[in-house]
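Please read all numbers here as calculations on a predicted model, not as lab measurements.
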Amino acid sequence: MTLERHKYDVLVIGAGGAGLRAAVEARESGLRVAIICKSLFGKAHTVMAEGGAAASMGNVNDKDSWMVHFRDTMRGGKFLNHFRMAELHAKESPDRIWELEVWGALFDRTKEGKISQRNFGGHEYPRLAHVGDRTGLELIRTMQQKIVQLQQKDGRETGDMESGIKVFAELTITDILKEDGKVAGAYGYWRESGEEVLFEAPAVVIATGGVGKTFKITSNSWEGTGDGHALALKAGANLVDMEFLQFHPTGMVWPPSVRGILVTESVRGEGGVLTNNLGERFMFKYIPDVFKDKYADNEEEADRWYVDQDNNRRPPELLPRDEVARAINSEVKAGRGTEHGGVFLDVSKRLSAEVIKKRLPSMWHQFYELAGVDITKEAMEVGPTCHYVMGGVEVEPDTAAAVGVPGLFAAGEVAGGMHGSNRLGGNSLSDLLVFGRRAGMGAVEYLKNNRANPVSDETIHAAAAKIQAPFDRQGGENSYSLHAELQEVTHNLVGIIRTGAELKEAIVKIAEIRKRSANVAVSGGRKFNPGFHLAFDLDNMLLVAESTAKSADSREESRGGHTRDDFPGMDNKWRQVNHISSFDGEKVNVRKQALPPMPKELFELFDIHELEKYMTPEETSKGGSN
């Protein structure tokens with residue numbers, strides 16, 4: 001079999017918002033770019049970000065600014081965010097949204113004709129630029145069209161539309177290749193035929209999204225198997241803070257066939273309320289002390305906020321996602337949940353049917369078609385679903401360069417640091433654009449001094465042998481059975497509420513599954529063989545699960561998307577600690593690393609009494625780093 005070979009300047013693995021934005025930046029700088037898409041082009045998980053993209057444009061409330069957005073992001077992440085990433089994101093998000101509009105995005109408008117912005121959990125002002133509840137879909141549509149526009153330009157100039165930028169759809173990458181310690185390209189195979197492909201490229205951008213399929217109940221599509229996290233680990237990069245997983249508070253819970261499918265936060269942003277089976281609006285009981293000055297403690301004030309935000313505190317349904325998910329989990333465990341193990345979310349009592357269908361068209365259609373529920377007349381049943389991973393590849397904030405691997409970059413959900421211990425809704429789409437662009441810029445700058453790095457025959461043979469190995473084994477383990485076992489372990493032992501004993505049990509069980517996975521056998525040929533694909537996805541998910549469980553076991557506190565039943569409170573000393581995961585070829589190792597201190601000019605954006613809730617007296621007395 002002849003090996004298919006390609007040479008490019010930049011290889012982008014992932015065709016969601018971050019990957020496409022990186023590709024555009026690299027191509028517009030004159031570089032040749034390949035985009036790898038695991039599924040069909042346009043089917044990226046970005047489309048699941050429905051509610052909007054957070055950017056402090058101030059179109060609905062002119063009090064908003066990048067400083068307020070920065071503060072909200074740091075608060076949401078419980079001050080474990082990398083300050084520089086949060087700063088860059090807050091400052092650059094408006095330009096990225098306006099840029100999308102120039103490229104053809106059709107945002108909803110205010111009465112004055114400006115881009116409309118809606119309320120979302122954790123955001124002080126209406127900040128999410130939106131297209132109904134289909135914003136992610138519009139972002140992908142716009143970015144796809146921008147790629148096509150660049151291809152058309154190349155076609156006019158060279159006669160070949162794919163001469164400067166080409167999309168390779170339905171292709172899986174199994175290895176990032178290195179020579180002399182630097183990135184040299186990547187190796188993979190066509191999903192349809194199983195035929196192998198070599199990409200030689202001195203710069204690789206990972207933009208592969210999340211890890212949701214490691215868990216039993218998830219909003220993620222089948223692609224979310226932690227490919228980029230695992231590829232980076234195996235290439236010598238680090239992962240940071242993998243203990244922090246966001247269980248979105250509102251996923252569908254019934255019928256079983258749709259359990260986990262996302263119910264956008266926009267429903268609560270538009271006035272939806274959460275109630276238990278007693279009809280009690282329970283979120284008032286779960287407002288943490290650090291948020292009590294900003295969230296209403298009674299229904300009257302919460303309801304007034306929708307018409308007078310300046311003089312009333314926010315409804316507790318709009319608390320950050322980690323708080324709402326834990327509250328729902330507590331209500332269900334206490335026996336106050338619905339018959340299917342969720343709670344009720346109702347927007348029908350606040351908005352008319354016409355307004356609901358206009359502002360939340362996807363949600364209306366989703367519940368009507370999949371659950372037989374008309375949300376204009378009745379409540380939805382919702383419950384937590386594994387939605388997003390805050391942990392990811394450790395990167396340099398300004399360049400998105402992966403720490404320790406020259407030529408490797410990461411952006412979007414696969415990169416860690418930006419969101420700290422919990423991501424605010426709406427920050428994901430603007431994150432994709434800000435750091436997708438910066439990853440592209442980083443690759444451009446890197447290639448000024450680092451050109452082609454040829455891949456050796458030895459490296460190619462090793463990558464090829466790895467793909468062939470499952471077919472050469474006879475009577476080995478079944479990848480589907482092992483995946484089901486892994487999901488049970490993560491669901492039961494590494495879920496929303498954790499304990500040290502359960503995490504240690506999970507670490508042992510994950511290691512046992514990893515040992516058995518080395519003997520996974522694939523029957524049949526390579527064509528149209530899903531068992532073949534899962535054999536590699538499983539290896540990736542095992543690395544992710546091991547990183548998560550070991551990091552969670554080490555962090556003896558509760559913060560954001562990590563809740564320890566045996567350490568229920570936040571510990572200000574732990575706020576100064578990042579967990580760094582690395583892979584030695586046999587197991588994941590986790591070590592502690594000091595969180596970079598916030599500089600004085602950013603420190604002073606906060607009230608000192610607020611910082612005292614999160615920081616040690618030594619930290620607050622310093623007043624930030626110089």
Side-chain angles (χ1 to χ4, degrees), residues 16-22 24-25 46 49-77 81-110 114-131 135-136 138-140 142-143 146 207 265-266 269 320-321 388 390 395 397-400 411-413 415-420 422-442 602 605:
L20 297 187
R21 187 61 189 83
V24 168
E25 194 67 23
T46 304
E50 298 159 321
S56 57
M57 296 182 287
N59 291 348
V60 175
N61 191 321
D62 60 11
K63 293 180 181 178
D64 203 5
S65 68
W66 77 262
M67 289 86 81
V68 182
H69 191 183
F70 171 77
R71 287 201 299 262
D72 289 345
T73 298
M74 295 298 292
R75 286 181 189 127
N81 322 58
H82 193 299
F83 72 85
R84 179 61 176 163
M85 295 184 80
E87 178 190 12
L88 288 170
H89 171 257
K91 285 180 174 177
E92 296 180 6
S93 290
D95 284 342
R96 301 287 73 77
I97 299 302
W98 287 319
E99 178 180 68
L100 272 187
E101 185 177 42
V102 171
W103 290 350
L106 300 173
F107 290 102
D108 291 349
R109 321 304 291 190
T110 65
K114 299 177 181 178
I115 294 174
S116 180
Q117 297 183 272
R118 62 161 50 116
N119 292 299
F120 237 56
H123 293 279
E124 185 169 345
Y125 298 115
R127 187 176 289 145
L128 272 70
H130 58 89
V131 183
T135 313
E138 182 69 2
L139 188 154
I140 284 293
T142 303
M143 292 304 305
K146 182 64 178 177
E265 197 166 335
S266 305
R321 290 173 175 177
Y388 190 93
M390 278 69 73
V395 296
D398 288 77
T399 63
E413 188 173 354
M418 157 67 199
H419 303 288
N422 175 58
R423 176 177 68 78
L424 294 185
N427 272 357
S428 57
L429 288 186
S430 42
D431 170 17
L432 302 180
L433 297 170
V434 168
F435 291 103
R437 171 177 172 266
R438 283 195 165 267
M441 292 168 60
L602 297 179
L605 294 176

Could you tell me whether a side-chain N or O of [X] sits under 3.5 Å from a main-chain N or O of [Y], the two making a donor and an acceptor?
| X | Y | result |
| --- | --- | --- |
| Glu265 | Phe120 | no |
| Glu138 | Phe107 | no |
| Arg321 | Gly121 | no |
| Thr399 | Gly442 | no |
| Arg84 | Asp398 | no |
| Thr46 | Gly17 | yes |

Exercise for review: Please lay out, stage by stage, how Ser428 and Arg423 fare under the test side chain to side chain donor-acceptor pair (under 3.5 Å).
Suggested key: CA-CA 8 Å; Ser428 57; Arg423 176 177 68 78; 3.3 Å; yes

Check your understanding: With a 4.0 Å cut-off, would you call Glu99 and Lys146 a salt bridge?
Key ->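 No, no charged N to carboxylate O under 4.0 Å.
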
**Study point:** Qualifying residue for side-chain contact (heavy atoms from CB on, under 4.5 Å) with Met57, from Asp62, Ile115, Asp95, Asp64
**Key:**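 So, applying the side-chain contact (heavy atoms from CB on, under 4.5 Å) to Met57 and each of Asp62, Ile115, Asp95, Asp64, only Ile115 qualifies.
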
Exercise for review: Among Asp431, Leu88, Val395, find the one that has a side-chain contact (heavy atoms from CB on, under 4.5 Å) with Met418.
Suggested key: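 Going through Asp431, Leu88, Val395 one by one, the side-chain contact (heavy atoms from CB on, under 4.5 Å) with Met418 is satisfied by Asp431 alone.
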
Check your understanding: Can you list the steps and then say if Met143 with Val24 is a side-chain contact (heavy atoms from CB on, under 4.5 Å)?
Key -> CA-CA 9 Å; Met143 292 304 305; Val24 168; 3.8 Å; yes

**Study point:** Worked verdict on Asn427 versus Thr73 for side chain to side chain donor-acceptor pair (under 3.5 Å)
**Key:** CA-CA 8 Å; Asn427 272 357; Thr73 298; 3.1 Å; yes

Review point. Arg127 versus Val68: any side-chain heavy-atom pair under 4.5 Å?
Key: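 Contact flag for Arg127/Val68 side chains = yes.
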
Check your understanding: Going by the angle between their ring planes, with limits at 30° and 60°, are His89 and His419 parallel, tilted or perpendicular?
Key ->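 If you compare the ring of His89 with that of His419, the planes turn out perpendicular.
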
Inter-residue atom distance [X].[atom1] - [Y].[atom2], 0.5 Å rounding:
| X | Y | atom1 | atom2 | result |
| --- | --- | --- | --- | --- |
| Arg71 | Ser65 | CZ | OG | 6.5 Å |
| Leu429 | Ile97 | CG | CD1 | 7.5 Å |
| Met390 | Glu413 | CE | CD | 9.5 Å |
| Ser93 | Leu432 | OG | CG | 10.5 Å |
| Leu605 | Phe70 | CG | CZ | 6.5 Å |
| Leu100 | Ser430 | CG | OG | 10.5 Å |

Check your understanding: Would His123 and Gln117 satisfy side-chain contact (heavy atoms from CB on, under 4.5 Å), going step by step from the backbone distance to the final call?
Key -> CA-CA 11 Å; His123 293 279; Gln117 297 183 272; over 6 Å; no

Practice item. Output, in order, the C-alpha distance, side-chain angles, deciding distance and verdict of salt bridge (Lys or Arg N to Asp or Glu O under 4.0 Å) for Arg96 and Glu25. Key: CA-CA 12 Å; Arg96 301 287 73 77; Glu25 194 67 23; over 6 Å; no

Check your understanding: Sequence neighbours excluded, which residues qualify as side chain to side chain contact (heavy atoms under 4.5 Å, CB included) partners of Ser116?
Key ->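 Here the qualifying residues are Asp108, Thr110, His130.
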
Review point. What do the steps show when you test Thr142 against Leu139 for side-chain contact (heavy atoms from CB on, under 4.5 Å), and what is the final call?
Key: CA-CA 5 Å; Thr142 303; Leu139 188 154; 5.9 Å; no

